[in-house]
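Report on the structure given below.
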Amino acid sequence: MIKNLENIVSFPVNAQRNSFFGALSSILLYRNACTEDTPFFCGQHQRSCTRCGGCGNEPFIHKHHLKIYQYLITITGCAYFWVDQAIGSSYDKPYRADDFSRTALDRLSLALYASGYHYESMNRDTPENTLFDRISQSIDKKQPVLIKLGLGDLWAVITGYDDDKKLPFLMKARHSPQRFKDWYNKLTTIVFITESYDPAFSLSESFEHMICHLNTSNRNTLEQKICQKLENEPDGRKLGKWLNQLNGLAIESRWHASECYRNTLIPMFDNGQWKEYLLKASSLHLHFHDQAWQVWALLGVSPQTFYCLPRNIDELLAHSSARARLKSLFQELFALDREVSHLLQECLSLLQS
């Protein structure tokens with residue numbers, strides 16, 4: 001017997017490079033029963049969507065997926081990272097309201113805590129047959145399953161199962177669900193998202209967590225390292241590759257944070273002062289996004305290069321003027337993060353007053 005859940009939105013939607021949040025958003029979108037007719041708040045016009053057509057022909061279900069993704073990546077603090085390594089490799093640390101991880105090792109439990117879902121995490125300590133039975137039980141309850149494969153950060157959604165062949169259907173990034181023969185051998189973590197509940201997660205808690213991640217001690221160290229490398233690193237290709245990796249993660253994640261402020265967080269408030277602070281924070285991170293494009297321009301990176309370094313990167317970074325401009329731009333990006341942190345702190349102060 002084959003059973004496969006239908007209408008699970010595939011990922012990524014728009015700019016979503018993080019497969020963990022992409023896969024989790026697909027599951028939560030399905031579990032929350034969002035449809036094309038689910039009301040949507042338009043951050044651009046600061047009102048409920050009137051379907052004015054300004055966003056083009058993108059399906060509304062994709063907008064809802066992106067909104068969930070942006071919310072989760074922001075309130076967990078992952079939208080403020082500069083390097084992928086800061087995410088860490090463990091996803092099973094229990095979330096505690098008074099213990100904010102500086103490396104977001106708790107992003108799984110925090111994301112589900114904020115979303116109002118219980119979960120149970122397993123690995124290959126559990127026998128294959130037992131896990132498959134649990135998968136089939138979840139699918140029968142119309143509960144897609146989150147699964148991590150391999151040593152990297154590859155996450156997928158289990159959407160169904162083939163009972164005869166004892167194989168799950170996996171939906172990986174940019175792929176439709178398919179039977180996956182080697183699922184158990186490549187399994188790292190499997191997450192069963194179970195019953196929903198009314199979470200105690202507060203706005204104050206969310207802002208405290210976001211501010212924490214915008215003020216980690218290694219942030220200043222990284223800013224100093226970037227400036228030193230731009231002054232002293234003779235290998236232009238090595239330097240360019242490192243700067244491109246930093247910029248590529250930050251440019252996308254700050255855009256998600258900006259959209260989260262105006263699309264998701266503002267409707268949660270009923271005070272004009274909070275709205276003013278969040279709109280300014282959104283504007284600052286949009287400016288961050290624009291300035292990061294200038295970094296790419298100086299590195300010769302663009303959609304035409306598939307966001308990879310050009311062959312003449314050594315020549316581009318041989319000019320002291322280019323390095324001086326890059327140094328100034330990166331200093332501005334770090335300063336923008338600090339300004340946003342200050343605005344979020346103002347929001348938190350209003351919440352606590």
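Reckoned from all heavy atoms, side chains included, excluding hydrogens, waters and symmetry mates.
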message: Determine whether a donor-acceptor pair (N or O, by modelled atom type, separation under 3.5 Å) exists between the side chain of Thr76 and the backbone of Leu72.
response: yes
task: Looking only at non-hydrogen atoms, find the nearest pair between Pro144 and Lys142 and report the distance.
output: CD-O, 3.6 Å
message: Any heavy-atom pair between the side chains of Ile190 and Ser121 that's under 4.5 Å?
response: no
Distance in Å, Leu309 CG paired with Gln245 CD, rounded so as to fall on 0.5 Å steps: 9.0 Å
message: Check for me whether the distance between the ring centres of Trp82 and Phe288 falls short of 6.0 Å.
response: yes
message: Do Tyr113 and Glu205 make a side-chain contact, defined as non-hydrogen atoms from C-beta onward lying under 4.5 Å apart?
response: yes
field: Backbone of Lys63 reached by a side-chain donor or acceptor of His65 within 3.5 Å
entry: no
Point-to-point distance, once rounded to the nearest 0.5 Å, from CD1 of Ile8 to OH of Tyr30: 5.5 Å
query: Does any non-hydrogen side-chain atom of Arg107 lie less than 4.5 Å from one of Phe21?
result: yes
message: Has His209 got a side-chain atom pairing as donor or acceptor with Gly77's backbone, closer than 3.5 angstrom?
response: no
task: Establish, yes or no, whether a centroid distance under 6.0 Å links the rings of Tyr197 and His118.
output: yes
Residue Glu195 excluded, over 12 heavy atoms near CD under 6.0 Å: yes
- request: Please check if the distance between the ring centroids of His285 and His289 is under 6.0 Å.
  value: no
- prompt: Any side-chain heavy-atom pair from Gln331 and Leu326 closer than 4.5 angstrom?
  reply: no
field: Flag, side chain of Glu233 to backbone of Asp235, donor-acceptor distance under 3.5 Å
entry: yes
message: Please report the interatomic distance CG(Leu170) to CD(Gln178), rounded to the nearest 0.5 Å.
response: 9.5 Å
statement: On a heavy-atom basis, the closest approach of Ala79 and Ala257 is CB-CB, 4.0 Å
Check: Gln345 main-chain N/O paired with Ser349 side-chain donor or acceptor under 3.5 Å: yes
query: Salt bridge or not for Lys67 and Glu259, using N-O below 4.0 Å?
result: no
- request: Could you grab the distance from atom CG of Leu246 to atom NZ of Lys225, nearest 0.5 Å is fine?
  value: 8.5 Å
message: Side-chain heavy atoms nearer than 4.5 Å, only ILVMFWY residues, links allowed to pass through others: does that put Ile147 and Val191 together?
response: yes
message: Would Arg47 pass as a cation-pi partner of Phe41, given that its NZ or CZ must be under 6.0 Å from the six-membered ring centre and within 45 degrees of the axis?
response: no
field: Check: Tyr307 main-chain N/O paired with Asn244 side-chain donor or acceptor under 3.5 Å
entry: yes
task: Verify the cluster assignment for Leu336 and Leu279: are they in a single hydrophobic cluster under the rule of side-chain heavy atoms below 4.5 Å apart?
output: yes
message: Rounded at 0.5 Å granularity, tell me how far CH2 in Trp155 sits from CG in Leu24.
response: 9.0 Å
- prompt: Is there a side-chain contact between Val295 and Phe330 (heavy atoms, below 4.5 Å)?
  reply: yes
- prompt: Around atom NE2 of His319, are there more than 12 heavy atoms of other residues, nucleotides or ligands at under 6.0 Å?
  reply: yes
task: Check the surroundings of atom CG in Asn185: do more than 12 heavy atoms from other residues, nucleotides or ligands lie under 6.0 Å from it?
output: yes
Any residue meeting salt bridge (Lys or Arg N to Asp or Glu O under 4.0 Å) with Lys280, in chain and number order, not counting sequence neighbours: none
task: Dump the intermediate steps for salt bridge (Lys or Arg N to Asp or Glu O under 4.0 Å) on Glu231 and Lys327, then the final yes or no.
output: CA-CA 9 Å; Glu231 293 172 357; Lys327 179 180 176 181; 2.5 Å; yes
message: Taking Thr188's backbone N and O only, do any of them form a donor-acceptor pair with Asn123's side chain (distance below 3.5 Å, no angle check)?
response: no
message: If we ignore hydrogens and angles and just use 3.5 Å, is the side chain of Arg219 paired with the main-chain N or O of His213 as donor and acceptor?
response: yes
- request: Spell out, yes or no, whether Ile68 and Leu66 are grouped together once hydrophobic residues are joined by side-chain heavy atoms under 4.5 Å, including indirect joins.
  value: no
- prompt: What's the spacing between Lys141 NZ and Phe192 CZ if we round to 0.5 Å?
  reply: 10.5 Å
field: Atom of Ile313, atom of Gly240 and distance for their closest heavy-atom approach
entry: CG1-CA, 4.3 Å
- request: State whether Glu223 and Arg338 are salt-bridged, where the test is any N-O pair (Lys NZ or Arg NE/NH1/NH2 against Asp/Glu carboxylate O) under 4.0 Å.
  value: yes
query: Can Tyr184 and Asn129 be said to form a side-chain hydrogen bond (donor to acceptor under 3.5 Å, both in side chains), step by step?
result: CA-CA 10 Å; Tyr184 188 75; Asn129 287 340; over 6 Å; no
- prompt: Taking Ser26 for the side chain and Val9 for the main chain, is one N or O donor matched with an acceptor at less than 3.5 Å?
  reply: yes
field: Joint cluster assignment, Ile2 & Val157, ILVMFWY side-chain distance < 4.5 Å
entry: no
- prompt: Is there side-chain contact between Val13 and Glu58, with at least one heavy-atom pair below 4.5 Å?
  reply: yes
Check against salt bridge (Lys or Arg N to Asp or Glu O under 4.0 Å), Glu120 and Arg134: CA-CA 11 Å; Glu120 185 178 358; Arg134 181 64 186 277; 3.0 Å; yes
- prompt: Ignoring hydrogens and geometry, is there a side-chain-to-backbone donor-acceptor pair from Ser328 to Ala324 under 3.5 Å?
  reply: no
message: Could you tell me if Arg51 sits above the aromatic ring of Phe40, with its cationic atom closer than 6.0 Å to the ring centre and no more than 45 degrees from the axis?
response: no
- prompt: Taking C-beta and beyond as the side chain, do Asp140 and Gln137 meet within less than 4.5 Å on heavy atoms?
  reply: no
query: Does the distance from a Lys or Arg side-chain N to an Asp or Glu carboxylate O, for Lys3 and Asp163, drop under 4.0 Å?
result: no
statement: Taking every heavy atom of Tyr277 against every heavy atom of Cys347, the minimum-distance pair comes out as CB-SG, 3.5 Å
- request: Evaluate the ring planes of Phe132 and Trp183, with Trp represented by its six-membered ring, and classify them as parallel (under 30°), tilted (30 to 60°) or perpendicular (over 60°).
  value: tilted
Verify same cluster id: Leu286, Leu343 (apolar side-chain graph, 4.5 Å): no
message: Is any side-chain heavy atom of Leu298 closer than 4.5 Å to one of Leu329?
response: yes
